[in-house]
Structures are given as C-alpha cells and as structure tokens.
Amino acid sequence: MADEKLRVAMFWGAACGGCDVALLDIHEHILDVIEVADIIFWPCAMDFKFKDVEAMPDEHLDLTFYNGAIRNSENEHIAKLLRQKSKLMAAFGSCSHMGGIPGLGNFHDRKSIFETAYLNTKSTHNPDKVFPRTEFEVPEGKLTLPEIYDTVKTLNQTVPVDYFIPGCPPNPEQIWIVIQAVASGKLPPKGSTVGASDKALCDECPRKKTELKFKQFKRRHLVHPDPEVCFMEQGIVCLGAATRAGCGWRCIQSNMPCRGCYGPLPNARDQGAKMLTAIASHIDSEDPEEVERILDTLPDPAGYFYRFGLPLSLLHRRQRRNA
Amino acid sequence: MGKMIQIQPVTRIEGHSRVVVELDDGGNVSDARFHVFALRGFEMFCQGRPVEEMPRIVNRICGICPWNHHLASVKATDAVFGVTPPPAAVKLRRLAQHMAYIPDKLLHFYFLAAPDFVLGPDCDPSTRNVIGIAKANPELARKVVRMRQSAAMMLEEWLGKVIHPVAAVTGGFSRPLLEKEREKFLEGYKEQLEFAKFTIAFAREEVFPKYTEAVESLGVIKTGFIGTVTEDGTHDIYDGKLRLMKPDGSYDDFSYEQYTDHIGEHIEAWTYPKMPFAKKWASGEFSLDLDEPKGIYRSNALARINVCDKIGTPEAQKELDLFREKYGRPTQLTLLYHWARLIELVNNCETVIQLLEDPEITSREIRSDVQVKAGRGVGCVEAPRGTLIHDYTADENGLISSVNLIVGTTHNQAPINMSVKKAAQDLIHGGEYDQGVLNRIEMAIRAYDP
C-alpha cells in the first residue's frame, strides 16, 4: 500500500449534495488527501463518467463513499456497480445510512408523490395530465428515465455495506478522522459505525439537567428556551437520548434541539421506539388519561421520531393497502 | 434511423442528469435534451409536519445552498403565523444569507467552473478538475482553499451547523451575534472583500478575454429573466419583490403571494423536474423552440444582474457599470453567468461588512412571540441558483396541509435544455465530435450552476 495510492470514489444517490460539500469542508486536508489517494470517480467535482467505472476491473476501487438514499433504479444500479468495483463500501451520511429526509417519502408512495408534484400543486399547469415516463419514443430511438420506487431504501438494504458514517451531513472533523484511519489501514472491524461516538448525545450534551419531568410538550417556536438548560426539561422534544453523539452538538450550540440525524444508538435499531420509551419514562403523571393528554400535546410524533430514519426503522414504511 | 449521443452523468454540477443528443441521418443535431433524474417528493412528505419544523426539513432540498432554503422557509413560516421578526433578527438572517453566499461562489467559480477555463475545455478529462488546478497553480489553489475555509469557518463559529443550518426560527433567530464575534468577523470579511476583488479582476482580465468567441456563442438563447429587487429596483438577495423581465427588457413587478398569477409549471414526460414558465406571455403557451421560445425565462446570478436597476454597494456597482458598458441590459450571453456571479460575490462581501458595522447587529432582541393559527404564507429569497418560492398552507394546529415549491435551478430547467440544444447544434456537424465538444455542451450547463 505504501508506494501505491489509494483509489477512492464518492457518489450520490437520492441526496442533496450536502455530503459532497461536507467532504470538501475538510478544507486544506483535501490537499493532504490527494497526496495519498487518487479520487477516480466523483461526479460533482470531476469528469469521470459511468463508462469509466464500468471499464474498471472488479475491486479496483479501495473505497467508495456512497451518500444518498436508494429512491430510484439509477441509485440502485450505480450502488450495485460501485459495490462490484470496490473493496470497501461506506454508507456516507444519514440518507445512505438510514434513509434520511428523503426517507420521509415512505409515509407515502410513488403514486401520491407523483399526483402531488405533477397535478395537485398550486402552480402546476398540466391540463393533459402528463407524467414523466421511464420510456419515451423519439424519431432517433428511445429515451429513458430511471424508475422512481414506491419505497426508499438504505444503502445496506440494497448492497452489503462495510462501514457506516452517520450524520446529515457527517461532521467534517469526523470525516477527516475516518479518512486518516483508511489511509493508515487502521479501520475497525467491518460492519462498524465510524466517525461517531458509541454514547448518546445526552451523555455529551453540556446543558444542565436536574430533574427530567414534564406535564406538557412545548413547540420550539412558541417559547424562548434557556440556552443552558436541557431542552426536554423545558418540554421541548430533543432526540438526544436516542441519538448517537459525534456530531459536535452543533444544533444544541445554536439553541436548537436535536432531530436525530446521527441515528440510533448501538444495539438500538429503532431510534423512534427508543425515544418513545425515553419520553414515557419522564412524563410526570401516573394517571393514564393525563398521560394521554400530555402525549397529545406533541404534534406529529412520527415526523419527529423518524425524521431521518424511517426506512431503517422497524416500521420501514407506512403499511400499504392491497390495490 | 439516426443516432443518439449520451453524456452521463453530467459532471461538475449538482445532481443526477444525462444529456442525450439526437442526430439525424446526416449526423446533424435534430434535438438534444437535458434529462434530470431526481424526484424526492418534498411537496408530498412535508404534509402533516409542524410548520415551524419546515426550515429544518426543506434545507435538505439542496446541500449546496441549504441556508437559502432555510431562510426562504422561515420567512414562509412567519407569514403563515402572521408574525414580524424584530429588526435585528431580520439583519441577522440577512447577514447569514450573504455570509453563506461567499463560500458557495468560491466553490463554484474555482472548483467547478474554472477547470474548463484555466485548463481549457479540451484538456484531458482526468485532470480537468480542481486537483488539476491545484497542480497547475498550487499557490492560487492554496489561497482559494484557505479563503473558502475562512468564510465557512466564520459561519460555523457563529451558528454551529452550517450544512443544514438550524439557526433561523419562526419569529426571529435562535442565537445573537456576540461583540467579540462581530469584531473578529469584520477583519475576516475585509480580507474576503480583497480576495473577491482579486477574483473578479482575475476573471475579467485573464480568463474571459481568452474565451470571447465562446462567451458570444456557447449556449446563447433568447429568454426573459427573474430576480428579486427592493422597492426602488436595487438588487437584493434576501427580501423585496419579484421582477419578471421579458427578453426585450420590459418587466412586471409583483409581491411573493402573486407568483401564481405570473408563473406556471409545465411538465414534460422525459424529465422529472417541472419547467416553470411565464404564463402571461405568449397567451400562456410554453415552447422550447430555439427560434420562437414561449414563456421561457431564466434565474440565478445573470438573471438578477439583468433585472436589477442598480446594486446597493459601491464596489459591486462599479463592476455592474463595467459589465453593462460591455454587454448592455439585459444580456443573453449564457457564459456571462460566471461573471455575474462574481459581481454578486463582491456585493456579498461588502454587504456583510456593512451589516457587521451596524450597531444593531449585536442586539439581543431577536425573537417575536408567535401564536399557532391556520394560514397560508409565501416566503422567498434568492439562492445562488435562483429565486426560491416556498408556499405553505397550515391547519389550525399549525400542521402543514399543502406545500408548493419552485426552487433555484427548477426555473432554469427549460433554458438549460435550450442551451444544450443550441450548443449541440452549433458544435456537432456531420456526426463529428470528440470529448472536447461534449465537454463544451456540459460547459453550457455548468454556466447555470445547476
């Protein structure tokens, strides 16, 4: 390895580009990276094409960072192609790790997403009810589009993944730690989560906690939270108890509660269930009716507890009725 | 039966796309298209979410410009609940907006666009990237990386999470600016301004003059433009009214809520994004025809530079004067997007300095009280890639019942298609082309920074 540079790829599935910018946000270290690694596929920054990847021998790439969820057939096809061409594959960021924000699409399906986007939105002008199609005939031949799936999947639900790097996006300091581990060959066993802590965010949070009991949930925009005190003690939902630390608590620092982008704790696959348990144990009442009333003060629990992880969770998606 | 040339994926842009050029039997271009593959369904899955959570969800529409979505969204949530943030909170949001533009502009110009111009459109594709630039000009590359880092770090030092920000909250802002931060940033942004002035002078004197012919022809089409201006027509990226300009330079000004009177979204079956168009032009018709387009307008920096009457800061105004002297108003030359972007970079640095010098910027009065109610709100800002329109309707519990989004590059879907076709028609004859030709077609796309 010493005299040969690492060969690395970065690709995006259903993503926003934030993971790619986070990788660039290792700043001057990017100049160190190119000393030890050749980046030979990275569409947002370089001109290598799919044909270049297809032409590579199997396992030609030492490492692929794949960010983004699997929302359509192209995401899946390239994930499989890169898996074949890579010795190691890492799920980079919340979307590939656990579905991310696009995973909220699993509360719906393709039909409802299409009808909303292409028929029922205020400025849409679609008198002929045209929808994008996977095949479209033109005089010279056939044009194609990837198929949008009903269900968003994580990368690991699509191809075997060796490492998971959580975060929306991963903290650049953590990315740099992971890259150093790769370059020095000091990676933990396959299947590990890297670039994060094994503790809960609550365990590292600098806010004061005294007695965690509450009788009402409060919505963040309706209160002026004390920046020194635990959000949950102030009645504001914060996912710190059910979320891995490692992000550098950057939301908390801006006086905003955690929404869980670093994903579930080790050995707790379902982040939402864990959060619900944490909340239930802190409700200040023994009376079932009052407990229910207190829980009713929290709007949209599914949208809070599964903000980033619905596809990975035990729920996976909203149950579908048979057509 | 003719032939189809495919470029996939289109590179050094954000997102998934393919260009397909259709050739007739003589090997000439009969059509060309820019197909975009992504549809995540925000307008569907935001339904049912609490209104105040939207700024923390919809920033994921774009990780390159999350601040702009975050701010357009928070403005929409203010409008839903009928709340006016305190003046200092508006200044902090405006400050964050301009601060966030700076690393974005540096990223696009030096990392994504410059390889075509500095290394040349025909150079070896494996070196035609920022690493190639770093090898060709290590001193400049180091300086660029350092300046982008400094710009990103100041934002991070102030507001913690910078990709997928959290700091703007309905009714105001979550965190004040401290005096010690103000002083430190002021020094930092004076250095940014010097670098911005260096960058635009470098581009104006050493880069663009080498590509005069490309500037005058590549992907040039005739369209209208959209952007935000203040009441007196000054360029503004945070607040104002929308201005929709026709190709002849005449325009309509309208408030955010009136956008549905002026903009419709057309659907083509061969690409996932919708194609916004000006529905008051050409009797409401839509056409991508190069000779007689209907309803087509463009967004992003060149559009903003075309629609504004002036710019509110002195150095940027000087640059605008130079630009207009050379190219007039409006100019249709597609590659001038790169130049327009740098005029805005100068304005961003100057505006940040102005805001940091405003005594009110360190005020602690940064939140108004909010009451939950049913309502509709439209929030707009300019993202680097174009006008963002976030339109939310909420029920009496403050949960979202409908969302309409027209964002940045979506406005440019139709014109990018036209520029691709124009470039392909001009460059490919008799079936002859090479990678440099195909890269020039991509350059027409990159100008839009999609």
Side-chain angles (χ1 to χ4, degrees), chain A residues 14 16-19 21-22 25 27-28 30-31 34 43-47 49-50 71-72 74 101-102 104-105 107-108 112-113 116-118 121-126 130-133 136 138-141 143 145-146 148 168-169 219-222 224 250-251 253-256 259 299-300 303, chain B residues 2-4 8-9 11-12 14 16 20 22 35 37 39-41 43-45 48-50 52 56-57 60-64 66 111 125 128-131 134 145 149 152 159-161 163-164 166-167 169-171 174-175 260 263-267 269-272 367 370 391 397 399 404 406:
Chain A
C16 67
C19 283
V21 181
D25 280 354
H27 297 302
E28 81 270 14
I30 201 93
L31 302 172
I34 61 179
C44 89
M46 296 180 158
D47 286 352
K49 304 292 180 186
F50 288 154
R71 167 88 266 180
N72 68 30
E74 188 217 34
I101 293 284
L104 290 169
F107 286 125
H108 308 278
S112 60
I113 288 172
T116 300
Y118 301 120
T121 22
K122 281 197 181 76
S123 44
T124 296
H125 178 76
N126 193 5
V130 172
F131 289 98
R133 299 199 295 271
F136 187 87
V138 293
E140 287 74 20
L143 301 171
L145 283 176
I148 307 274
C168 182
R219 287 162 74 174
R220 170 61 182 88
H221 66 304
L222 301 180
H224 298 257
R250 291 170 300 166
C251 299
Q253 188 191 330
S254 286
N255 205 11
M256 296 299 279
R259 289 291 173 258
D300 187 30
Chain B
K3 182 187 167 186
M4 297 208 279
Q8 70 168 334
T11 48
R12 282 186 280 129
E14 193 216 334
H16 305 67
V20 179
E22 297 154 38
H35 303 262
F37 295 169
L39 173 73
R40 285 171 295 163
E43 289 164 326
M44 177 78 255
F45 67 62
R49 310 280 89 83
E52 70 278 8
R56 299 188 67 175
I57 297 174
R60 270 78 182 183
I61 292 170
C62 175
I64 322 279
F111 287 54
R128 196 170 55 213
N129 52 51
V130 65
I131 294 164
V145 168
Q149 174 167 18
L159 296 171
K161 203 154 178 291
I163 305 178
H164 301 320
V166 297
V169 54
T170 308
S174 69
R175 191 185 182 282
T260 46
I263 300 171
E265 291 184 278
H266 170 86
I267 287 112
W270 42 267
T271 189
Y272 282 115
R367 282 288 307 284
V370 184
D391 180 354
N397 296 318
L399 300 181
N404 194 39
I406 307 179

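Naming: A, B, ... by sequence-line order, numbering from 1 per chain.
Remark: side-chain polar atoms of A:Thr124 are not paired, donor with acceptor, to backbone N or O of A:Tyr118 under 3.5 angstrom. No side-chain donor-acceptor contact under 3.5 Å links B:Asn397 to the backbone of B:Leu399. Between the B:Arg40 side chain and the A:Gly105 main chain, no donor and acceptor come within less than 3.5 Å of each other.
At least one side-chain heavy atom of A:Ser123 sits less than 4.5 Å from a side-chain heavy atom of B:Ile406. Between B:Glu265 and B:Asn404, some side-chain heavy-atom pair lies under the 4.5 Å cut-off.
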Apply side chain to side chain contact (heavy atoms under 4.5 Å, CB included) to residues B:Ile131 and A:Met46 and explain how you reach the verdict. CA-CA 9 Å; B:Ile131 294 164; A:Met46 296 180 158; 3.1 Å; yes

Are A:Leu143 and B:Glu22 close enough, and set up right, to give a side chain to side chain contact (heavy atoms under 4.5 Å, CB included), and what steps lead you there? CA-CA 10 Å; A:Leu143 301 171; B:Glu22 297 154 38; 4.0 Å; yes

Working note: B:Phe45 + A:Thr116, criterion side chain to side chain contact (heavy atoms under 4.5 Å, CB included); need CA distance, chi angles, decisive distance, verdict. CA-CA 10 Å; B:Phe45 67 62; A:Thr116 300; over 6 Å; no

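When the candidates A:Lys122, A:Glu28, A:Arg259 are compared by the number of heavy-atom contacts under 4.5 Å with chain B, A:Lys122 comes out ahead. Counting heavy-atom pairs closer than 4.5 Å to chain A, the top residue among B:Pro125, B:Ala167, B:Pro50 is B:Pro50. The choice from B:Arg56, B:Arg128, B:His266 that makes the most heavy-atom pairs within less than 4.5 Å of chain A is B:Arg56. Taking chain B as the reference chain and counting heavy-atom pairs below 4.5 Å, the highest number among A:Val130, A:Leu31, A:Ile30 is found for A:Val130. Ranked by heavy-atom pairs under 4.5 Å with chain B, the list A:Leu104, A:Ile34, A:Asn126, A:Asn72 is led by A:Leu104. Ranking A:Ser112, A:Ala14, A:Ala22 against chain B, the residue ahead of the rest is A:Ser112, based on heavy-atom pairs under 4.5 Å. Looking only at heavy-atom pairs under 4.5 Å with chain A, the residue among B:Asp391, B:Val20, B:Leu39, B:Thr271 that has the most is B:Leu39. Taking B:His164, B:Glu43, B:Gln8, B:Arg12 one by one and counting their heavy-atom pairs under 4.5 Å with chain A, the maximum is reached by B:Arg12. Contacts with chain B were tallied for A:Ile113, A:Leu145, A:Leu222; A:Leu145 has the most, counting heavy-atom pairs under 4.5 Å. Of the residues considered (A:Cys19, A:Pro169, A:Pro299, A:Gly303), A:Pro169 shows the highest number of contacts with chain B, using heavy-atom pairs under 4.5 Å. No other option in B:His35, B:Arg49, B:Met4 has as many heavy-atom pairs under 4.5 Å with chain A as B:Arg49.
Contacts between B:Ile263 and chain A at a heavy-atom distance below 4.5 Å involve the backbone alone (N, CA, C, O). For B:Thr170, the parts lying under 4.5 angstrom from a heavy atom of chain A are both the backbone and the side chain. Heavy-atom distances place the side chain of A:Arg71, and not its backbone, under 4.5 Å from chain B. Using a 4.5 Å cut-off between heavy atoms, A:Ile101 contacts chain B through both its backbone and its side chain. Proximity to chain A is limited to the side chain of B:Val169, based on heavy atoms less than 4.5 angstrom apart. Of the atoms belonging to A:Gln253, heavy atoms from both backbone and side chain fall under 4.5 Å from chain B. If you measure heavy-atom distances from A:Ile148 to chain B, the contacts under 4.5 Å come from both the backbone and the side chain. Heavy atoms of A:Phe131 lying under 4.5 Å from chain B belong exclusively to its backbone. With a 4.5 angstrom heavy-atom cutoff, B:Ile61 touches chain A only via backbone atoms. There is no contact between B:Pro66 and chain A, counting heavy-atom distances below 4.5 Å.
Considering all non-hydrogen atoms of both residues, B:Tyr272 and B:Phe37 come closest at CD1-O, 3.3 Å. Of all non-hydrogen atoms in B:Ile163 and B:Lys161, the two that sit nearest each other are O-NZ, 3.1 Å. In terms of heavy-atom proximity, A:Ser254 sits nearest to B:Arg175 at CA-CD, 4.3 Å.
Rounded to the nearest 0.5 angstrom, A:Asp47 CG and B:Thr11 OG1 are separated by 3.5 Å.
At a cut-off of 3.5 Å, with distance as the only test, no side-chain donor of B:Ser174 or A:Asn255 sits close to an acceptor on the other residue.
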